[in-house]
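Structure, as structure tokens:
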There are 2 protein chains.
Amino acid sequence: MKLSNGVEWALHCCVTLGQSQNPVSAARLAKLHGIPPAYLAKHLQALSQAGILHSTPGPVGGYALTRPPARISALDVVRAIDGPEPTFRCTEIRKRGPLALPPEECMNACAVSRAMATADAAWRAALEGVTIADLTQDIDADSSGTAMSGVREWLAGAG
Amino acid sequence: MKLSNGVEWALHCCVTLGQSQNPVSAARLAKLHGIPPAYLAKHLQALSQAGILHSTPGPVGGYALTRPPARISALDVVRAIDGPEPTFRCTEIRKRGPLALPPEECMNACAVSRAMATADAAWRAALEGVTIADLTQDIDADSSGTAMSGVREWLAGAG
DNA sequence: GGAACAATACTCGGATAGGCCATGTCCGAGTTTACCCGG
DNA sequence: CCGGGTAAACTCGGACATGGCCTATCCGAGTATTGTTCC
């Protein structure tokens, strides 16, 4: 099980976009983070379709957050990039083989599926408790308050 | 992010093996669950290498649990099948781009990586809290106590 | 009858193809900007 | 000098190749059984 690394890019991009009042193009975001522009565009597209970002075309267009960073959770970003499907997909082993259960006894999920779903819920709850604003604050704290000001300065400049 | 469905098979097989005092071959486990025998063998091999199962060759050989079901957690099975790597792999975006941080400021993990690691820890903790014995009991409860006795009967028979 | 030996059948183990999704890239549709021309 | 029109440049959006991992499978190495043969 490996999480798409696009999630990491998307989270960093959301943190960056929270520092800008104007839209920022995919090309500039890619240059700032040192990642492939075309591929990042694909993920930003997904964030736009999920309603997290708002895209504006044109020369001064780009992407901007639709909500304040405090109202965007890491789970929102993960679901937008990686898809809403749960990590575990039950294939209903109960209904196969010589001891297959009849469908009327399979109304509720099997115990294995329930255990995996519980773990998945715990994972999602942890992600839901972290917002883009939290990440921004933590990153700033790690750099003694210089990281975000540097980002704002870079965004204001020509790049 | 999708979890290998081999995890589901491995969990069910561990529950089944907990009901048998004698080794059970991969072919019989596959037939009981209605899954491809050769592919299941690959996963059972992984469980054997992880120290969860003990394999005995020969005509009456097969796989058996190395520990009581109460001492085998779902996390052990997941790690054996899916690998020990965490779901999120930080690519150190901080060190890339025009605002790259110097390595001496990257001693601790970045905030994004920490948040994902926390969620991963929650997921693993939930899996670690569930044992094969718990799953066995839950499955039996779902079927009003008939599932495990049926499995034991089938294993005792010719199959 | 008992024991040793050889043949056998069954088991696991690793090495080997195929399919699907994530990765990486590209070009076209749409829009804002800037410039140029006319009044 | 000012307004309208046009051309251009820049943006996003979806469609198009490529690689790696999961899926699926096979055959060879090793061992307990079993039958046979000899003492």
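Note on naming: letters A, B, ... go to the chains in the order of the sequence lines (proteins, then strands), and numbering restarts at 1 for each one.
- Checking C:dT33, D:dG13, D:dT31 against every side-chain atom of B:P57, the shortest atom distance belongs to D:dT31.
- Per the geometry, CG belonging to B:L29 stands 18 Å off P belonging to C:dC10, to the nearest Å.
- Not one side-chain nitrogen or oxygen of B:N5 sits closer than 4.0 Å to the OP1 or OP2 atom of D:dC22.
- The cluster map of Ile, Leu, Val, Met, Phe, Trp and Tyr, joined by side-chain heavy atoms under 4.5 Å apart, puts B:V151 and A:L101 in different clusters.
- When atom types are taken as modelled, the side chain of A:R114 and the backbone of A:A109 share a donor-acceptor pair closer than 3.5 angstrom.
- Distance NE2 (B:H43) to P (D:dC22): 10 Å, rounded to an integer number of Å.
- Here C:dT23 presents its C1' atom at 13 Å from CD1 of A:I81, a figure rounded to the nearest Å.
- Under the side chain to side chain contact (heavy atoms under 4.5 Å, CB included) rule, B:L155 has a single partner from B:V24, B:N22, B:L29, B:L17, which is B:V24.
- OP1 or OP2 of C:dT23 sits under 4.0 Å from a side-chain N or O of A:Y39.
- For the OP1/OP2 pair of D:dC12 and a distance below 4.0 Å, the side-chain nitrogens and oxygens of A:S48 include no atom meeting the criterion.
- Among the nucleotides C:dT23, C:dT31, C:dC10, the one closest to any side-chain atom of B:P59 is C:dC10.
- Between A:S25 and D:dT11 there is a side-chain N or O to OP1 or OP2 distance below 4.0 Å.
- Between the CG atom of B:L40 and the C1' atom of D:dT25 there is a distance of 13 Å, given to the nearest Å.
- The phosphate of C:dG14 has OP1 or OP2 within less than 4.0 Å of a side-chain N or O from B:Q49.
- The shortest distance between the side-chain N/O atoms of A:S4 and the OP1/OP2 oxygens of C:dT23 is below 4.0 Å.
- Using a 4.0 Å heavy-atom criterion, one finds that A:G6 contacts no nucleic acid atom at all.
- Between A:R94 and A:C106, the shortest heavy-atom distance links the atoms NH2-CB, 3.5 Å.
- As rounded to whole Å, 13 Å separates atom C1' of D:dC10 from atom CZ of A:R28.
- Residue B:A26 is in sugar-phosphate contact alone, with no base atom involved, counting any heavy-atom pair closer than 4.0 Å across all strands shown.
- Residue B:V130 forms a side chain to side chain contact (heavy atoms under 4.5 Å, CB included) with just one option from B:V77, B:L11, B:L135, B:L75, and that option is B:L135.
- The NE2 atom of A:H54 sits 16 Å away from the P atom of D:dT11 (whole-angstrom rounding).
- In this structure, the CG atom of A:L44 is 13 Å from the P atom of D:dT11, given to the nearest Å.
- In this structure, B:K42 and B:V24 both approach DNA chain C, and ranking their closest nucleotides by distance from the 5' end singles out B:V24.
- Going from atom CG of A:N22 over to atom P of D:dT11 covers 14 Å, rounded to whole Å.
- The shortest distance between the side-chain N/O atoms of B:Q45 and the OP1/OP2 oxygens of C:dG14 is below 4.0 Å.
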